[in-house]
Amino acid sequence: MRVMVLGAGGMLGHDLVATAPPDVTLFPFSRTQLDITQHDAVAATLGDVRPEVVINAAGYTAVDRAESESQEAVRVNGAAVGGLGRMARQTGARLIHFSSDYVFDGQATEPYSEESLRHPINAYGTSKLAGETVLQASGAQYLIVRTQWLFGVHGKSFPRTMWERARAGRATQVVRDQTGRPTYAPDLAAAVWTLIRKSACGVMHVANQGEATWFDVAAHVFARAGRPDLLTPCATADYPTRARRPRYSVLDTARAEGVLGGPLPKWEDAVERFLSSPL
Ligand SMILES: NC(=O)c1ccc[n+]([C@@H]2O[C@H](COP(=O)([O-])OP(=O)(O)OC[C@H]3O[C@@H](n4cnc5c(N)ncnc54)[C@H](OP(=O)(O)O)[C@@H]3O)[C@@H](O)[C@H]2O)c1
């Protein structure tokens with residue numbers, strides 16, 4: 001199977017490349033090799049590579065900066081995704097795309113299903129919703145994988161920051177009133193390859209098992225570093241950020257579990273594996 005990976009230099013892109021099954025012929029492109037907003041370049045590359053599957057791991061992911069760069073966020077996460085969808089339809093390629101729990105407003109009290117009402121509360125979420133909408137209208141055969149709270153070895157992430165702070169002996173306050181599902185990029189990547197092999201399509205939520213607050217994740221990391229004394233909880237109101245965050249954005253992953261044959265590993269197990277890898 002010929003598979004093209006866009007955004008291959010990003011956190012998830014790296015792990016998609018690293019976990020590709022042996023029967024896949026990979027064509028990875030980082031941003032410098034192929035910019036997804038450059039329609040003609042993407043069309044020409046699709047013509048050369050002739051992939052059966054295109055995985056779009058590229059995205060504008062700076063959640064707070066998006067508040068002042070909303071047009072750029074929509075250009076990358078919205079308009080460019082629509083272009084990819086239309087090109088995929090024309091070439092007959094299947095398009096795998098990633099979206100976010102930030103398409104939801106976080107007012108729920110139980111996990112969000114794939115059909116829950118989308119209502120983003122920040123500019124990044126709005127741009128991700130735009131991407132979903134244009135891809136769904138493109139006529140392409142698509143799989144939209146919504147995921148959340150990603151962390152991995154190849155990029156900045158919350159567990160990494162917590163590990164560095166704990167090791168540096170820095171007192172740290174972390175919010176205890178936002179709840180989600182921390183998700184390890186290699187676990188997500190492996191699940192995505194299975195979903196591709198099983199020709200999954202439509203929208204699917206994929207995340208590690210369990211739910212947590214950011215404080216829970218930090219507590220796990222600080223305990224592992226032997227410095228639980230450095231950590232104290234706080235409220236979102238005490239830690240203002242430019243972008244508002246959903247209060248509760250746990251994704252219901254039952255649909256993907258049905259296809260995958262079970263849940264992804266627990267987030268605590270995933271954080272352990274992350275901390276055991278060379279950081
Ligand atoms: N991280 C999370 O918690 C999270 C949660 C839910 C969903 N997602 C989604 O998962 C996907 C992958 O995210 P990630 O965490 O791996 O983010 P990431 O590490 O920031 O990777 C995104 C990659 O896309 C590249 N990129 C940006 N604009 C591009 C363009 N115009 N053309 C080609 N490449 C471009 C970036 O390059 P530069 O670094 O050079 O800008 C970067 O390498 C995104 O769709 C994201 O929205 C992420």
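Both counts, for ligands and for their atoms, begin at 1 and track the order of listing. Predicted, not measured: the structure shown is a model, and the values here were computed from it.
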How far is [atom] from the closest protein heavy atom, and which atom is that?
atom	answer
atom 8 (N) of ligand 1	Tyr124 OH, 3.8 Å
atom 6 (C) of ligand 1	Thr147 O, 3.2 Å
atom 32 (N) of ligand 1	Ile36 N, 2.9 Å
atom 30 (C) of ligand 1	Asp35 OD1, 3.5 Å
atom 11 (C) of ligand 1	Phe98 CB, 3.9 Å
atom 12 (C) of ligand 1	Ala57 O, 3.5 Å
atom 16 (O) of ligand 1	Leu12 N, 2.8 Å

* To do: Mark up the atoms of ligand 1 that fall under 4.0 Å of a heavy atom belonging to Leu34, in ascending order.
  => 32 (N), 33 (C)

* Numbered atoms and elements of ligand 1 in range of Thr37, under 4.0 angstrom, heavy atoms ->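 It comes down to these atoms of ligand 1: 31 (N).
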
* Under 4.0 Å between a Lys/Arg side-chain N and an Asp/Glu carboxylate O for Arg227 and Asp229? ->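 A salt bridge is present here (some side-chain N lies under 4.0 Å from a carboxylate O).
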
* Presence of salt bridge, Glu272 and Lys266, under 4.0 angstrom ->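 Salt bridge: no.
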
* Should the ring pair Phe104 and His205 be called parallel, tilted or perpendicular, given that the plane angle runs from 0 to 90° and is split at 30 and 60? ->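 Plane angle over 60°, so perpendicular.
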
* To do: Kindly indicate, with the supporting measurements, whether the criterion salt bridge (Lys or Arg N to Asp or Glu O under 4.0 Å) is fulfilled by Glu164 and Arg167.
  => CA-CA 5 Å; Glu164 289 168 358; Arg167 299 287 294 211; over 6 Å; no

Check contact between [X] and ligand 1, using heavy atoms of the residue and a distance below 4.0 angstrom.
X	answer
Leu6	no
Gly155	no
Thr183	no
Ala8	no

* **Under 3.5 Å donor-acceptor, Glu52 side chain and Arg2 backbone** =>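 Yes; judged by distance alone, with no hydrogens or angles, the pair exists.
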
* Is there a donor-acceptor pair closer than 3.5 Å between any side-chain N or O of Tyr112 and the backbone N or O of Leu117? -> no

Is ligand 1 under 4.0 Å from a heavy atom in the side chain of [X], in the backbone, in both, or in neither?
X	result
Ala58	both
Thr32	neither
Trp149	backbone
Thr61	side chain

* Name the one of Leu16, Val206, Asn208 that satisfies side-chain contact (heavy atoms from CB on, under 4.5 Å) with Leu188? ->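 The side-chain contact (heavy atoms from CB on, under 4.5 Å) with Leu188 is passed solely by Val206 among Leu16, Val206, Asn208.
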
* To do: Would you mind reporting whether Leu264 and Tyr184 have side-chain heavy atoms less than 4.5 Å apart?
  => no

* Asked: Between Ser30 and Gln33, does a side chain to side chain donor-acceptor pair (under 3.5 Å) hold up when you go through it step by step?
  -> CA-CA 5 Å; Ser30 66; Gln33 292 164 319; 3.2 Å; yes

* Roughly how far, to the nearest 0.5 Å, is the CG atom of Asp177 from the OG1 atom of Thr236? ->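 One finds 3.0 Å between OG1 of Thr236 and CG of Asp177.
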
* Distance in Å, Leu251 CG paired with Thr183 OG1, rounded so as to fall on 0.5 Å steps -> 7.5 Å

Should [X] be counted as touching ligand 1, given the test is an N or O pair under 3.5 Å?
X	answer
Leu150	yes
Lys128	yes
Ser99	no
Met11	yes

If you take the nearest heavy atom of each of [options], which one is closest to [atom]?
atom	options	answer
atom 36 (C) of ligand 1	Gly59, Gly9, Ser30	Gly59
atom 21 (O) of ligand 1	Gly10, Ser249, Ser157, Gly7	Gly10
atom 29 (C) of ligand 1	Arg31, Gln33, Lys156	Arg31

* **atom 34 (N) of ligand 1 protein-contacted, heavy-atom criterion under 4.0 angstrom** => yes

* Check the pair Arg146 / Asp252 against salt bridge (Lys or Arg N to Asp or Glu O under 4.0 Å), numbers first and verdict last. => CA-CA 10 Å; Arg146 284 199 200 117; Asp252 180 343; over 6 Å; no

* To do: Only counting residues at least two apart or in another chain, list the ones meeting ring pair (Phe, Tyr, Trp, His ring centres under 6.0 Å) with Tyr124.
  => Tyr102

* Asked: What residues form a salt bridge (Lys or Arg N to Asp or Glu O under 4.0 Å) with Arg244, not counting sequence neighbours?
  ->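 Salt bridge (Lys or Arg N to Asp or Glu O under 4.0 Å) list for Arg244, sorted by chain: empty.
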
* salt bridge (Lys or Arg N to Asp or Glu O under 4.0 Å) between Glu115 and Arg255: does it pass, once the steps are laid out? -> CA-CA 11 Å; Glu115 279 73 41; Arg255 181 179 294 171; 3.0 Å; yes

